[in-house]
Amino acid sequence: MDRFTPARAGLRAAALVPALGSRIALRMFFTTQPRMPLRPDEEATDLVARRRAITVRGERVVTYTWGAGVDAALLVHGWRGRSAQFAPLVRELVAEGFRVVAFDAPSHGASTGRRTDIRDWLDAIRQLESLEGPFHLLAGHSFGALAALTAAREGVSADAVAALSGAGSPAVFIDRFADLASIPERVRRRFPRDFARRIGESTASAARRYDAVAHPLPSHVALLAVHDTGDRQVPLAASESLVAAHGDRARLVRTAGWGHGRILGAGPLLDAVVALARGGLAAVDAARSAEAEAGAGAGAEISRSTP
């Protein structure tokens, strides 16, 4: 049984009343329980973090800092995720001399709360920019990639953004959720409008604010997307579209066999993000070329704006 099974019967019953069905679907989408537990291989990295707390919409949000470098990187977890998922990347970046910052969004990880949405991610990012920025790199996983892209488009400091198993538009997450939850067609047509209202937007204003495909990053910000060909939660096409919209200032690293979540510990992802942090897209290109020549790049490939 998946997490959507108990609500599917209600959705089917409400199919003739789209407004009711959409309310049920919204509750399903915004559910963050059960929280992701801390895994044994993440405990050591979690333990050595310097913790502080900020307040986001009345909730206590736990933040984490590792390292003491001048250049800072902010890591942004996804929906139903937590900062500890980045443990392998934290270790790599700290070893390269970076100061690494992260947070558990409300209703996630060690933070308080029972309700949240992307506005809370953006509030936390802006507060951490004031406390720990400017940021050299913003890296986000899945839904966190959408938040990182939006933050950079709205002026949060960043020389580069890394979108990991991510998408540049809320429509990708809405459509994939509708597929996984088997939302009836009449409810599905109404759901995007109610979703936008839930986050304080109209359909048109949500597209303007959150769509990094239609409205790309500022021209000085480089983009790296890393995505697995077998990702079952966010389709590879989402990263392909995002990279295509940014032309020569974007790169896409495709992996195979890592899926949606495990990719955060994948060597090709770690190498690409560290290269981006150290030397931008030129360093990403050089690293991937060196791996290919050495025969070490099996299972990953890099491309520019063409899928």
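Everything numeric in this text was worked out from a predicted model, so none of it was measured. Sequential numbering from 1 along the given sequence is applied to the chain's residues.
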State, with a plain yes or no, whether a side-chain heavy atom of [X] is found less than 4.5 Å away from one of [Y].
| X | Y | value |
| --- | --- | --- |
| Val234 | His227 | yes |
| Leu128 | Phe135 | yes |
| Val253 | Asp271 | no |
| Tyr210 | Ile199 | yes |
| Val226 | Pro268 | no |
| Leu75 | Val90 | yes |

So, the side chain of [X] versus the backbone of [Y]: is there a donor-acceptor pair under 3.5 Å, distance only?
| X | Y | value |
| --- | --- | --- |
| Ser169 | Asp211 | no |
| Glu59 | Pro106 | no |
| Glu129 | Ser157 | yes |
| Arg262 | Gly257 | yes |
| Asp46 | Ala84 | no |
| Arg50 | Gly67 | yes |
| Thr229 | Ala256 | no |
| Arg278 | Glu96 | no |
| His246 | Val221 | no |
| Arg251 | Asp248 | yes |

Would you name the heavy atoms of [X] and [Y] that are closest together and state the gap between them?
| X | Y | result |
| --- | --- | --- |
| Pro218 | Arg249 | O-NH1, 2.8 Å |
| Leu131 | Arg52 | CD2-NH2, 3.8 Å |
| Ala147 | Ile125 | O-CD1, 4.0 Å |
| Leu74 | Phe103 | CD1-CD2, 4.5 Å |
| Leu47 | Arg51 | O-NH1, 4.0 Å |
| Leu138 | Ala148 | CD1-O, 3.7 Å |

Flag yes if [X] and [Y] sit in one hydrophobic cluster, no otherwise; membership is Ile, Leu, Val, Met, Phe, Trp, Tyr, and two members link when side-chain heavy atoms are under 4.5 Å apart.
| X | Y | value |
| --- | --- | --- |
| Phe173 | Met36 | no |
| Ile174 | Leu242 | yes |
| Leu89 | Leu38 | no |

Gap separating the [atom1] atom of [X] from the [atom2] atom of [Y], nearest 0.5 angstrom:
| X | Y | atom1 | atom2 | answer |
| --- | --- | --- | --- | --- |
| His77 | Phe86 | NE2 | CZ | 8.0 Å |
| Ser22 | Arg27 | OG | CZ | 10.5 Å |
| Asp104 | Thr116 | CG | OG1 | 11.5 Å |
| Arg80 | Arg35 | CZ | CZ | 11.5 Å |
| Ser241 | Leu252 | OG | CG | 10.5 Å |
| Phe29 | Leu180 | CZ | CG | 11.0 Å |

Is any NZ, NE, NH1 or NH2 atom of the basic residue among [X] and [Y] found under 4.0 Å from an Asp or Glu carboxylate oxygen of the other?
| X | Y | result |
| --- | --- | --- |
| Glu154 | Arg209 | yes |
| Asp123 | Arg57 | no |
| Glu201 | Arg208 | no |

| query | Please walk me through it: do Asp194 and Arg197 pass side-chain contact (heavy atoms from CB on, under 4.5 Å)? | reply | CA-CA 5 Å; Asp194 291 344; Arg197 185 181 297 119; 2.8 Å; yes
| query | Under 6.0 Å from the CZ atom of Arg115, do we count more than 12 heavy atoms belonging to anything else shown? | reply |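 Not buried by this count: 12 neighbours or fewer within 6.0 Å.
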| task | Go through the steps to decide whether Asp179 and Arg188 satisfy the test salt bridge (charged side-chain N to carboxylate O under 4.0 Å, His left out), and finish with yes or no. | result | CA-CA 9 Å; Asp179 291 340; Arg188 188 169 180 152; 2.8 Å; yes
| query | Checking side-chain contact (heavy atoms from CB on, under 4.5 Å) for the pair Arg189/Glu185: CA distance, chi angles, key distance, verdict? | reply | CA-CA 6 Å; Arg189 289 196 296 268; Glu185 183 58 32; 3.3 Å; yes
| task | Decide yes or no on side-chain contact (heavy atoms from CB on, under 4.5 Å) for Leu276 and Leu281, but give the supporting numbers first. | result | CA-CA 6 Å; Leu276 179 71; Leu281 295 179; 3.8 Å; yes
| message | Using 30° and 60° as the class boundaries, would you call the ring planes of Phe195 and Phe191 parallel, tilted or perpendicular? | response |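 Rings of Phe195 and Phe191: tilted, 30 to 60°.
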| request: Classify the angle between the aromatic ring planes of Phe30 and Trp79 as parallel (below 30°), tilted (30 to 60°) or perpendicular (above 60°). | output: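 Rings of Phe30 and Trp79: perpendicular, over 60°.
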| query | Step by step, would you call Glu42 with Arg82 a salt bridge (charged side-chain N to carboxylate O under 4.0 Å, His left out)? | reply | CA-CA 11 Å; Glu42 299 163 347; Arg82 64 183 303 153; 5.5 Å; no
| said: Between His108 and Ser83, is the side-chain contact (heavy atoms from CB on, under 4.5 Å) condition met? List the steps. | reply: CA-CA 9 Å; His108 290 74; Ser83 291; over 6 Å; no
| query | So, Gln233 and Ser142: side-chain donor and acceptor under 3.5 Å apart, yes or no? | reply |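 Side-chain D/A pair, Gln233 to Ser142: absent.
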